[in-house]
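Notes for the one structure printed next.
Numbers for residues simply follow the sequence, beginning at 1.
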Amino acid sequence: MPEKKNLVPFPRSAKKRKQLLRQAESLKLRRLTRLRSLVGWLLILSILLFAAANFTLFSLSSLRQGFQIVTNALGPESGRDGVINYPAGVASAVKPAGSSLAVLDDESLSILQLGGVTQYETAVSYAAPVLETNDNYVLAYDRGAYQLSFSSVLTELFSLKLTDPIRNASIGSGDSFSIITDETGYKSTVTVYSASSREDDHHIWRWRTPDYYVQEAALSPSGTHLCALTYQQNGSQLETILQFFDLDASEVRASVNLGAVVGYTVHWLDDSNVAVISDKSAFTVNRRGETTSQASYTASDLLGFAFDGDNFVVAVRSWSGDARASVTRYDKSGDVRASLNLPSAPESLSYAGGQLGVLTSSGLYVYNNALEPDWQCPSAGAAQRIIMTDDGGAWLFYSKYAQRITQSSAISEDFTDESTIT
């Protein structure tokens, strides 16, 4: 007679099965059961921590945006020719913000992506809208009026209605920006705001001056220093003066008189050196108040300028041989590093990621950091302006849309010294 097998029925209840596994005779099985339970609890804890740290991803607008990204990516128009149409058909200001495109018109601010994706949109009503961006943040304000809005590329962080009209503004490399206002009793007031400030109005530093008119105030890459491009009347002439500040103090750290020139812009090349472009000269000045270089030209010859990290380029008219324009690249000390002759004057210049983009009526021509030919886009001649990006691509801006192109785009071509530029 065959021996009967000793069969033990496995419980249908999950609780009883778990208890049976924990009391199993096999030590290996008991340890495996406890490990599985521990991994399960760690997974739940990780999900809860992720949800708490990224709660905005689960908002209704974020979920709607995710659905839009999927549907647009699968749609027939996804990524068509790298084109982004302006929501209102026209735009007052357009600038890249990281991989996104910020578009400001008279009624709204939109953050857009290729493929018809709207990351963020908010209503604005500015009479003279102006836009400033960096890789992660967007500043929109109403020049001559009182309102401003500061946003990430996904959502608005805060908005303010100031008590004094805004004359100019500049965004830093992080979540800070400076505003120049006309405050009663002073010639100018410069205020630095930050999204991380604990103040109700988000300001972290302020300088009021009864002596100088401030044209531009630029924050250093670290966000701890500020350089103000100011001017004052000296007899019948205007003098341009640089004022350097540390944001942990209200006193002027250093002051540099650049003479009887009209300043156009000031730009930090690193945390210690700035470049100043004026109507008659390009200067480099350090934070100790020392002018380290000066390149002169006539006011009517200046065609354009652009900045990229600790380098900058200046384009001026030239009548040397077949050249009608000359572009020179300078480093942070003001030393000449490369030069380029062009057979026609550029309509727009942009410099980023070690590449210089030159827009003419015959197209876009891109040069490397040594100002040697790299690639071109002949069909870009109708664009109004260009902005190069750090990844080596470019945005072409037209009246109703913007187009993203790279060296590998279908409309781009190789570019050599023998290529024709008109």
Side-chain angles (χ1 to χ4, degrees), residues 7-75 78-79 96-102 109-122 133-139 149-160 171-177 192-204 219 221-224 247 389-391:
L7 299 177
V8 179
F10 208 63
R12 293 185 178 181
S13 169
K15 184 177 181 180
K16 290 183 178 180
R17 289 198 301 270
K18 190 174 182 180
Q19 184 178 6
L20 185 63
L21 289 170
R22 285 180 173 177
Q23 296 174 352
E25 294 183 3
S26 171
L27 178 61
K28 183 178 180 181
L29 185 59
R30 294 199 304 270
R31 288 178 175 174
L32 184 61
T33 302
R34 282 194 287 268
L35 179 61
R36 188 183 68 174
S37 178
L38 178 62
V39 170
W41 282 110
L42 288 175
L43 179 60
I44 293 173
L45 180 61
S46 300
I47 293 173
L48 292 175
L49 290 175
F50 177 82
N54 302 274
F55 65 94
T56 55
L57 295 175
F58 304 97
S59 65
L60 183 60
S61 60
S62 296
L63 294 175
R64 188 183 297 115
Q65 176 189 328
F67 177 76
Q68 185 185 24
I69 291 173
V70 173
T71 54
N72 284 322
L74 297 177
S78 61
S99 61
S100 307
L101 194 67
L109 168 64
S110 304
I111 312 297
L112 310 174
Q113 283 274 9
L114 289 172
V117 178
T118 301
Q119 290 185 180
Y120 164 66
E121 184 175 16
T122 186
T133 65
N134 60 25
D135 287 343
N136 300 297
Y137 299 98
V138 177
L139 170 66
S149 171
F150 191 63
S151 311
S152 71
V153 294
L154 293 175
T155 186
E156 182 179 80
L157 300 177
F158 63 89
S159 61
L160 296 174
I171 193 169
S173 58
D175 67 349
S176 300
F177 59 92
V192 177
Y193 297 87
S194 174
S196 56
S197 171
R198 296 182 179 180
E199 299 292 332
D200 292 338
D201 66 352
H202 295 275
H203 96 274
I204 58 174
L219 289 165
S222 68
T224 58
L247 294 191
T389 54
D390 289 335
D391 60 1

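For Tyr193, the ring-ring contact (aromatic ring centres under 6.0 Å, His included) test picks out Phe177, with sequence neighbours left out. With sequence neighbours excluded, the residues that form a side chain to side chain donor-acceptor pair (under 3.5 Å) with Ser222 are Ser220, Thr224, Asp271. Annotation: side chain to side chain donor-acceptor pair (under 3.5 Å) contacts of Ser100 (sequence neighbours excluded): Gln113, Gln119. Under the salt bridge (charged side-chain N to carboxylate O under 4.0 Å, His left out) criterion, Asp201 pairs with Arg206, not counting sequence neighbours. Every residue two or more places apart in sequence or in another chain that forms a side chain to side chain donor-acceptor pair (under 3.5 Å) with Ser149 is listed here: Glu156. Residues satisfying the salt bridge (charged side-chain N to carboxylate O under 4.0 Å, His left out) test with Asp135, not counting sequence neighbours, are none.
The shortest heavy-atom contact between Thr133 and Pro96 is OG1-O, 2.7 Å. Heavy-atom minimum distance, Asn134 versus Gly174: ND2-O, 2.9 Å. Closest non-hydrogen pair, Ala195 versus Phe158, comes out as CA-CE2, 3.7 Å.
At distances below 3.5 Å, not a single donor-acceptor pair connects side-chain atoms of Ser176 with backbone N or O atoms of Gly172. The closest donor-acceptor contact from the side chain of Ser197 to the backbone of His203 lies under 3.5 Å.
In this structure, the side chains of Leu219 and Leu247 come closer than 4.5 Å at one or more pairs of heavy atoms. You'll find the side chain of Ser151 reaches within 4.5 Å of the side chain of Leu109, heavy atoms only.
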Tell me, with the steps shown, if Val153 and Tyr120 meet side-chain contact (heavy atoms from CB on, under 4.5 Å). CA-CA 7 Å; Val153 294; Tyr120 164 66; over 6 Å; no
Give the intermediate values and the outcome of side-chain contact (heavy atoms from CB on, under 4.5 Å) for residues Ile111 and Leu154. CA-CA 8 Å; Ile111 312 297; Leu154 293 175; over 6 Å; no
The test is side-chain contact (heavy atoms from CB on, under 4.5 Å); show your working for Leu157 and Tyr137 and say whether it passes. CA-CA 9 Å; Leu157 300 177; Tyr137 299 98; 3.6 Å; yes
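Atom CG of Leu160 sits about 11.0 Å away from atom CZ of Phe150, to the nearest 0.5 Å. A distance of 12.0 Å separates CG of Leu49 from CD1 of Ile44, quoted to the nearest 0.5 Å.
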